[in-house]
Amino acid sequence: MPSPLDPTLVEERETVDPTLDLEAEIQRLKRERNAVILAHYYQDPEIQDIADYVGDSLGLSQHAAKTDADVIAFCGVHFMAETAKILNPDKKVILPDLDAGCSLADRCPPDQFAEWLKRYPDHVVVSYINTSAAIKALSDIICTSSNAVRVVESIPKDEPIVFAPDRHLGKWVEKNTGRTLVKWPGFCVVHEQFSARRLVQLKTQHPDAEIIAHPECEDAVLSMADYVGSTTGLIEHVAKSRHHAFIVATEMGVLHQMQAKRPDATLVAAPPESGCQCAACPYMRLNTLEKLYLALRDLKPEIDVPEDVRRRALLPVQRMLDLG
Ligand code: 13P
Ligand code: SF4
C-alpha cells in the first residue's frame, strides 16, 4: 500500500480568494444549481448555519428521501452522502471533501464482512447506517442511533440477529431490548475516547450537571449517563430539560445547536481520556465552507454508487425508513 505521505499522492487544493464573500457565493450557487445543503450536527458552526437542514443520521436520510432539489450538497461524512445517493439515483450528490470517512464504516470491509456473515447464515443482519453501501447491500435492515432499539424490536424474538459494526451501540441495544446480538467489533474513534474516569472528575466539578451521552460511547460511560440518545435526541433533551448544566459525551459540534436552544445552560464538553482535549471528529471536520463553495461551483466531488449495489442497499434502507 503506498504511504499516505507520498507527495505525488497529495492532491493540490485550490486556494479560494480570501476576499470572497463565501456565504453569499454559496447562496448564489445554491439557487443556480437548485441545490439543497444538508448538514450533520458535527459540522463546523458556520456550515450548520448556512445549511437548509441540520440533523442526525436518521433526519438527514429522511430529508434526503423527500427533497426535490437537483443537487444534494451533503456536509457530513461519506456514508451519509452515499445513503442520500442510494435514495436519489437521479440526483447529483456532492460531498465537500471525499476523504471525510468514518472509522466505523472504514473498519468494516465488505469482503471480510461477507466472510464473517457465513458463520451466521440464519441470522437477521442489522447494520448501523455508519457503513458503506456495499455493507448495506449485505444487510436486511439499517438502523441509526435514534431507532436501533426500535429496529431490533421489530424483529421476531425467535430470530437471531447479527449487529454491525458498532460494538458499543450493539451492547446498548442489548441492554435496552433484552436481546443477545452477535456483534462486529467496530468502534468510533471519537466516542471510544470518552472515559468514566474523566466523567467522574467533571461531575465533581459540576455536581448539578446532567451527564448525557451518545450510544457509541462505551458501556462504562453510558452507565453514568442520565440520558443516552442520538445527536438529535441529545439536543432535544437539553432543550426540554429543567437542568441548567450538562456534561456532553459526544462530538463537540452538537454544542452549537444546544447552546442556541438553551442560551442559559452551561454546556461542558466531555474531554477524551488522553491527547488533544477536544472531541472533534477528524473526518467530519475535513469539510469547510471553502470546500462547500468549490463543490457547489464545480459539482464535485460527486458520490457514485454502482447501480447493482445501490439497488440491493436501497431495500434495507427503505425498510428502516418505513418503520418511521
Ligand atoms: P447520529 O445519527 O446520532 O447523528 O450519529 C451519527 C454519528 O456519526 C455519531 O458519531
Ligand atoms: Fe464516524 Fe465517529 Fe466521526 Fe461519527 S464521530 S462520523 S461514528 S468517526
Side-chain angles (χ1 to χ4, degrees), residues 38-44 47-48 51 53-64 74-84 95-108 126-132 135-136 142-151 163-170 172-173 184-194 212-218 221-222 225 227-238 248-258 269-272 275-276 278-287 317 320-321 323:
L38 305 183
H40 188 265
Y41 294 120
Y42 295 166
Q43 294 293 280
D44 288 341
I47 293 182
Q48 294 189 39
Y53 175 79
V54 188
D56 68 359
S57 310
L58 180 63
L60 286 163
S61 45
Q62 286 166 332
H63 224 79
F74 213 114
C75 299
V77 290
H78 194 271
F79 75 81
M80 295 177 174
E82 220 178 31
T83 306
L95 180 66
D97 192 316
L98 212 49
D99 289 333
C102 166
S103 61
L104 279 164
D106 296 350
R107 291 179 193 184
C108 188
V126 179
S127 293
Y128 193 24
I129 199 163
N130 297 38
T131 47
S132 64
I135 296 292
K136 289 185 175 77
I142 304 304
C143 70
T144 74
S145 59
S146 66
N147 63 17
V149 167
R150 195 147 34 100
V151 165
F163 187 93
D166 188 357
R167 63 183 177 202
H168 299 308
L169 177 64
W172 184 73
V173 171
W184 178 270
F187 60 89
C188 158
V189 287
V190 178
H191 290 85
E192 181 134 310
Q193 298 279 332
F194 300 123
I212 61 172
H214 194 278
E216 286 174 13
C217 297
E218 63 177 26
V221 167
L222 296 181
Y227 175 81
V228 176
S230 76
T231 50
T232 295
L234 297 172
I235 292 165
E236 293 305 322
H237 177 80
V238 168
V248 185
T250 191
E251 214 269 8
M252 57 202 259
V254 297
L255 300 190
H256 183 55
Q257 305 288 339
M258 271 178 195
C276 162
C278 61
C281 172
Y283 306 98
M284 288 274 184
R285 303 300 174 137
L286 286 175
N287 294 326
V317 172
M320 170 188 80
L321 293 176
L323 269 185

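Both backbone and side-chain heavy atoms feed into the values below; hydrogens, waters and symmetry mates do not. Numbering of ligands and ligand atoms starts at 1, following listing order.
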Contact check, Glu251 vs ligand 1, heavy-atom distance below 4.0 Å: no

Whether Tyr41 lies under 4.0 Å from ligand 1, heavy atom: no

Under 2.8 Å from atom 3 (Fe) of ligand 2 - protein N/O/S, by chain and number: Cys281 SG

Arg167/Glu192 ion pair, N-O < 4.0 Å: yes

Pair Thr232-Ser230, side-chain donor/acceptor within less than 3.5 Å: no

Short side-chain donor-acceptor distance under 3.5 Å, Glu236 and Tyr227: no

For Asn130, the ligand 2 atoms whose distance to one of its heavy atoms is below 4.0 Å: 7 (S)

Ligand 1 contact on Val190 by region, counting heavy-atom pairs under 4.0 Å: neither

Any donor-acceptor pair under 3.5 Å from Gln193 side chain to Pro271 backbone: no

Heavy-atom nearest neighbour in the protein, as seen from atom 9 (C) of ligand 1, with distance rounded to 0.1 Å: Glu216 OE2, 3.1 Å

Protein residue, atom and distance nearest to atom 6 (C) of ligand 1, heavy-atom basis: Ser57 OG, 3.4 Å

Polar proximity ligand 1 side, His214 side, N/O cut 3.5 Å exclusive: yes

